[in-house]
Amino acid sequence: MTPALLCLALPLVGGLLLVLLRPPGGRWTIAIALASLLAAALALQQVLEQGSQLLQLGGWPAGLAIRFRLTPLAALLLLFGALLQLLVALYAARSRHAIGGEDFWPLSCLLQAALAALWLSADLFNLYVTLELLGLTAVALVALAGPRAYPPALDYLLLSLAGSLAYLLGVAVLYGRYGLLDIALLGAQAEADAATRLALLLMSLGLMLKAALWPLHLWLPPAHAGAPAAVSALLSALVVKGPLYILWLLWREVAPVELGRQAGPLLAASGLAALLAGGWSALRSPWLKTLVAYSTVAQLGYGLLALGLLLHWGEPRLDAALWLFVFAHGLAKLSMFLAAGELQHGFGSRRVKALAGAGQSLPLVLFAFALAGASLIGLPPSGGFLAKWLLLQPLLEEPQRWPWALGVLLATLLSAAYVFRVVARGFDRQRSRRPARPQDRLAQGLALLPALLVWALAPFAEPLLHWLDGAGR
């Protein structure tokens, strides 16, 4: 079995064993995530040495076989997903209040397996299957928070199913038109006709709904805010990136270039609206985790903006900007949600105004939140700064592109405002409160670790950008 397939098999088999045998979930999940991380590292080494690979399962001919495709980008996403799963498992094993019950462990393994299958799939229908597995597992994880989380989990389920039906209908239209679902074969034959336009519209709307891309985002803040902290971290850092990846595949590898050029401004405008509307909602939210959830809505706008402008202009630097954003955002949002969970647990309140004095009583947690927020703002030399700089470079080169740069600047100011709002409240000594519960320094350090990693991306920027430079090819 190849290292890439191990990245899928290990969490899948491990999750099923956790369901059947019920061993100590934390230790098993950490071991599974660590083994998956090593397998992903071997897969990345293999693809860098040998180039992209097609993994054809079952011996069926092209067009009928289940085909996986290992590219440098897919290998990086496998490594990234395994790393984030390991970080969350380490934190969750220490902070049991953040997982909502022992069912978290097998569900998190199944979530990792669904994501690994998604990164590797080379067929539009197989991608639909992975989307369904991902969505159902994510809904079950949200529901772990108890009865209060059932309404947002149900909304998430129903809207996720609606998005899946729209995507599947688009797949059916493409199959009826071309008789193919393999991405590479379909991309070579796709034409800019009415059937292809309809299919791309349906599939894009379905994926935007599942990824909570503006304006189809209303399910995300209640679901992410209502879930246990470790679940919120996984949802924001990884789950919403799956549909975004498929949207990128759809428009970069299947859609004719002229259709991408036409759709690009619409996608970019939606991304810019997400940056502004999501940032404004985060700034106004009285609830800490809702603030962080609306921040996810806003920050996803950078990915959609980069994709839209990439399609419209054909600027290859925007490919690297999009995926560097995905990596930086995943690490920063992981730390931010874990820190928010620690703050809520420590003070016994979900409100931002209850955090007064957190700088004295929970300094490590507030530092984690601030450090992750600084990357979202784009302060150098964080990973968020590198991604934003790559995005801004082509926007500043020509005067007619400056309005897009102005939108990014306004979004940056909104990000700074809502991050500063939480940090400033934490340094309010006049209304200082003591934590309602005992502190766990190790758990707080584990919440800080992803934020430190996002700031450590700078030394690895050159090789990372070299790998990402081939993402669109």
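Counting from 1, the numbers follow the sequence of the chain as shown. Computation of the quantities below employed the complete heavy-atom set of this structure, encompassing side-chain atoms and omitting hydrogens, waters and symmetry-equivalent molecules.
With respect to the salt-bridge test (charged N to carboxylate O, under 4.0 angstrom), the residues Asp103 and Arg22 qualify.
When all heavy atoms are compared, the tightest approach of Val423 to Ala370 is CG2-CB, 3.8 Å. Residue Ile377 comes nearest to Thr412 through the heavy atom pair O-CG2, 3.4 Å, listed as atom of the first residue, atom of the second, then distance. When all heavy atoms are compared, the tightest approach of Leu300 to Ala212 is CD1-O, 4.3 Å. Gly26 and Ala93 get closest at one heavy-atom pair: CA-CB, 4.5 Å. Between Ser232 and Phe337 the shortest heavy-atom distance is CB-CD2, 3.4 Å. Across all non-hydrogen atoms, the minimal contact from Trp455 to Pro380 is CZ3-O, 3.4 Å.
Distance check, rounded to the nearest 0.5 Å: CE of Met208 to CG of Leu247 gives 7.5 Å. Taken to the nearest 0.5 Å, the OH atom of Tyr418 stands 3.0 Å off from the OG atom of Ser295. Atoms CG and CG, from Leu272 and Leu267 in turn, are 13.0 Å apart once rounded to the nearest 0.5 Å. Within the model, atoms CG of Leu168 and CG of Leu127 stand 12.0 Å from one another, a figure rounded to the nearest 0.5 Å. Of the inter-residue distances, the one linking Cys7 atom SG with Leu37 atom CG reads 9.0 Å to the nearest 0.5 angstrom. Between atom CG of residue Leu275 and atom CG of residue Leu304 there is a gap of 9.0 Å, rounded to the nearest 0.5 Å.
Counting heavy atoms from C-beta outward, Val352 and Arg421 have side chains that approach closer than 4.5 Å. Taking the side chain as every heavy atom from C-beta outward, Leu42 and Leu6 never approach each other to under 4.5 Å.
Taking the six-membered ring for Trp and thresholds of 30 and 60 degrees, Phe325 and His329 have ring planes inclined between 30 and 60 degrees apart. By the 30° and 60° cut-offs, the orientation of the rings of Tyr91 relative to His97 is perpendicular.
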Take Tyr302 and Leu322 through the side-chain contact (heavy atoms from CB on, under 4.5 Å) test and state the conclusion after the steps. CA-CA 7 Å; Tyr302 284 115; Leu322 192 162; over 6 Å; no
Go through the steps to decide whether Leu124 and Met203 satisfy the test side-chain contact (heavy atoms from CB on, under 4.5 Å), and finish with yes or no. CA-CA 10 Å; Leu124 292 178; Met203 296 170 77; 4.0 Å; yes
Would you check, one step at a time, whether the test side-chain contact (heavy atoms from CB on, under 4.5 Å) holds for Arg252 with Leu310? CA-CA 9 Å; Arg252 288 291 278 149; Leu310 167 67; 3.6 Å; yes
Passes side-chain contact (heavy atoms from CB on, under 4.5 Å), His224 versus Lys289? Steps please. CA-CA 8 Å; His224 285 206; Lys289 285 185 68 178; over 6 Å; no
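Side-chain contact, Ser121 with Thr130: no donor N or O sits under 3.5 Å from an acceptor N or O. With hydrogens and angles left out, the side-chain atoms of Ser204 and Trp251 include a donor and acceptor closer than 3.5 Å. Donor-acceptor pairing under 3.5 Å is recorded for the side chains of Glu342 and Ser95.
Checked by atom type and distance alone, the side chain of Lys333 never pairs as donor or acceptor with a backbone atom of Ala237 at under 3.5 Å. The main-chain N or O of Ile32 is found under 3.5 Å from a side-chain atom of Ser36 such that the two form a donor-acceptor pair.
Contacts of Ser335 classified as side-chain hydrogen bond (donor to acceptor under 3.5 Å, both in side chains), with partners at least two apart in sequence or in another chain: none. Trp28 pairs by the ring pair (Phe, Tyr, Trp, His ring centres under 6.0 Å) definition with nothing, not counting sequence neighbours.
The number of heavy atoms from other shown groups lying within 6.0 Å of CH2 (Trp280) does not exceed 12.
Residue pairs meeting the ring pair (Phe, Tyr, Trp, His ring centres under 6.0 Å) criterion with at least one partner in residues 102-146, sequence neighbours excluded, are Trp119-Tyr245, Phe125-Tyr128.
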